[in-house]
Amino acid sequence: MGIHNSDVADAFDEIADLLSIEGENPFRIRAYRRAARIVRSFPRELAEMRGASEFEAIPGIGADLAKKIVELIDTGRLKALDALRRRVPPQTRELLGLPGLGPVRVRALMSELKVENRQDLERAIAAGRLTTVHGFGAGIQSRLEAALARRGAPEGRLQLSVAAQYAKPLREYLASLSGVSRVEIAGSYRRGRDTVGDLDVLVCAARGAKVFESLRRYADLREISASGTTKASGVLRNGLQVDVRVVPRRSFGAALHYFTGSKDHNLHTRRLAQEKGWKLSEYGLFEGERQLAGATEEGVYRALGLTFIPPELREDRGEIEAAARNALPELIERADIKGDLHVHTDASDGTDSLERMVAAAQAQKLSYVAITDHAKHLGIVHGLDAERLARQADAIDALNERLRGFTIFKGVEVDILEDGKLALADAALERLDVVVVAVHDHFNLSASRQTRRILRALERPRASVLAHPSGRLIGEREPYACDFAKIFDAVRERGGCLEVNGQPSRLDLTDSLIKAALERGVRLSLASDAHSGDQLAHLEGAIRQARRGWATRRDALNTRPVSEVRSVLRQ
DNA sequence: GCCGTTTTCGGCCCGACTGTTTTCAGTCG
């Protein structure tokens, strides 16, 4: 059993929690949390790397944490964590997740009442002992009772597209209120992250109280948990947390910057301000009392000596340094996209005919589309065999004859079998323009077998696009274990493409893997993987994801005109 | 615990809201 990055991150998070309950130095705790975040989204498997010296080169990982990573990979354990668990009962962590309970109050519960987990807490409340502890009043008790009654874990993160269904109506409602001049959904929603934990809503208005009064009447709202003069928090009926912040016009840009995040990006920009002797907060950039910037985000960045940083890049992954050098990438946009190299029809598991998919692509202002129905394989519904694939190719040739200014590429999406062979023989692929290869089963092979399997498939002469390359399904399945660096190099060397799949539940590649791939010079294919005409809109998801991976127009094949695409695919 | 064209020691973002307070600590983002 190998150690994955998420195991390392989990260990660091647990250390941070337990240290906080112990009352350790908050900056030391922050270092562990930061390291956990970095490791969790790190594009390479740490276990595949060379060791301490390479770990130390990662910003945020120093000598001590590098040694701990080595120990965890080599032995599967961490002595420091084991010792910590003996000093602080590990179940106390679950108390930290309850509203109003932080490290100080958890420590008080442990020492005063011997409360170490949720059950202990329930019993203490039932016995009426909670309010005997200093700092615990009736208010906190009733909040805790409510939280304990709700049971289970708090609602997890929503897929971005699901969150959008709630964000858009809320935004419209708030924007319609009198006195409100502008509303933005900020946070990870605005950064285009693949999942959203809560909605951070920024409202430009002179007075917060009136806005919050109206918020209380919003039909989809379940409760308001906090409400002051500039800030209110509530929960929608579906459990989604909503934080609304009201700011005046002169602070709107600074507040939008602050509320968009990410946390690490904000900390970094605030440090920049500090170095110049200034102060950056949600109210603006200040030199003493004097406001230097704040009405617009552009103004805040400019005053800090930075070019405007698109929200998708704000993860403190080098964007601030790049902006200081005026070296940010010109991120890919919808208008750059000329075609889609991965769509399905009702010949396999799609719902629309070839003709309707073509019409939908034309309506999306695309100039080409590749029809890539599934090839026949175990578990694939209505997959095409060589004969049906040939008949579809005939139909596409005939339809291409009639089309003006639009091209249909003949393609297929073919399974990579467990041993790396393809589910169709090379001969059946020869006539096609685009061969999309993909893993659809056996996700749990060892990293070395999974890597060998995919590398072998990429050696097939006609394989051109590796679809949804990590295999992850958001909230359901993690990326499979595999040496992505080797796969990226193989794709580049054969002149193929890595797909960025825009299906809302996939968004695969992930942002950090896209960035890693581009650093290795790999070309992308941004694809909708549409199974119906209206799903061509999923291209938007692929574009957002590619932007988060620092992709420019030049990084994607399907920003090129049809002639160039054909020659690249045929080489 | 990390990090360094001011530093290898001494810093580490900043503000809102709540509750139990009587001037503020704790929590949250």
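Lettering follows sequence order; numbering is per chain, from 1.
- Using a 4.0 Å heavy-atom distance criterion, P103(A) is classed as a sugar-phosphate-only contact.
- The separation between R270(A) atom CZ and dC12(B) atom C1' is 14 Å, rounded to whole Å.
- Residues from residues 29-42 of chain A that place a heavy atom under 4.0 Å from any atom of DNA chain B, listed by number: R30(A), A31(A), Y32(A).
- Side-chain atoms of R118(A) do not come within 3.5 Å of backbone N or O of L95(A) as any donor-acceptor pair.
- With a 4.5 Å cut-off on side-chain heavy atoms, L148(A) and E145(A) do not count as touching.
- Looking only at distances, no side-chain donor or acceptor of Y32(A) sits under 3.5 Å from a matching main-chain atom of A11(A).
- Summary of the strand contacts: A226(A) and D200(A) both lie near DNA chain B, and taking for each the nucleotide with the nearest heavy atom, the more 5' one is attributed to A226(A).
- As a whole-Å value, the separation of F286(A) CZ from dC14(B) P is 12 Å.
- Note that the OH atom of Y189(A) and the NZ atom of K168(A) stand 5.0 Å from one another [nearest 0.5 Å].
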- Message: Run N266(A) and T269(A) through side chain to side chain donor-acceptor pair (under 3.5 Å) and show every step you take.
- Response: CA-CA 5 Å; N266(A) 286 349; T269(A) 50; 4.6 Å; no

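- Stacking of R314(A) on the aromatic ring of F308(A) is recorded, both the 6.0 Å distance cut-off and the 45° axial limit being met.
- Taking atom NE2 on H265(A) and atom P on dC14(B), their separation rounds to 15 Å, with Å as the unit.
- Taking a pair to require two hydrogen-bonding distances under 3.5 Å in either a Watson-Crick or a G-U wobble arrangement, dG4(B) pairs with dC9(B).
- Residue T229(A) is classed as a sugar-phosphate contact, given heavy-atom separations below 4.0 Å to backbone atoms only.
- Set against dG1(B), dC14(B), dT18(B), the side chain of S281(A) has dC14(B) as its closest nucleotide.
- Side-chain proximity of K279(A) to dG29(B), dG15(B), dT18(B): nearest is dG15(B).
- Note on L65(A): only backbone sugar-phosphate atoms sit closer than 4.0 angstrom, heavy atoms only; bases stay farther off.
- Remark: the separation of the P atoms in dT20(B) and dT27(B) is 13 Å, to the nearest Å.
- Put simply, NE2 on H538(A) and CZ on R506(A) are 11.5 Å apart, with the number rounded to the nearest 0.5 Å.
- Nucleic acid contact class of K68(A) (heavy atoms, under 4.0 Å, all strands): sugar-phosphate only.
- For dG1(B), one of the phosphate oxygens OP1 or OP2 lies less than 4.0 angstrom from a side-chain nitrogen or oxygen of R28(A).
- Atom P of dT6(B) sits at a distance of 28 Å from the matching atom of dG1(B), rounded to the whole Å.
- With hydrogens and angles ignored, a donor-acceptor pair closer than 3.5 Å exists between the side chain of N25(A) and the base of dG1(B).
- Contact annotation for Y283(A): backbone-only contact, meaning every heavy-atom pair under 4.0 Å involves sugar-phosphate atoms and none involves a base.
- Environment of CZ in R477(A): crowded, with over 12 heavy atoms of neighbouring residues, nucleotides or ligands closer than 6.0 Å.
- Which of dC2(B), dG15(B), dC13(B) sits closest to the side chain of E282(A) comes down to dG15(B).
- Results of the side-chain hydrogen bond (donor to acceptor under 3.5 Å, both in side chains) test with E315(A) over H265(A), K515(A), R191(A) single out R191(A) as the only residue that passes.
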- nucleotides 20-25 of chain B: protein proximity per nucleotide (B base, S sugar-phosphate only, - neither; heavy atom, under 4.0 Å): SS----

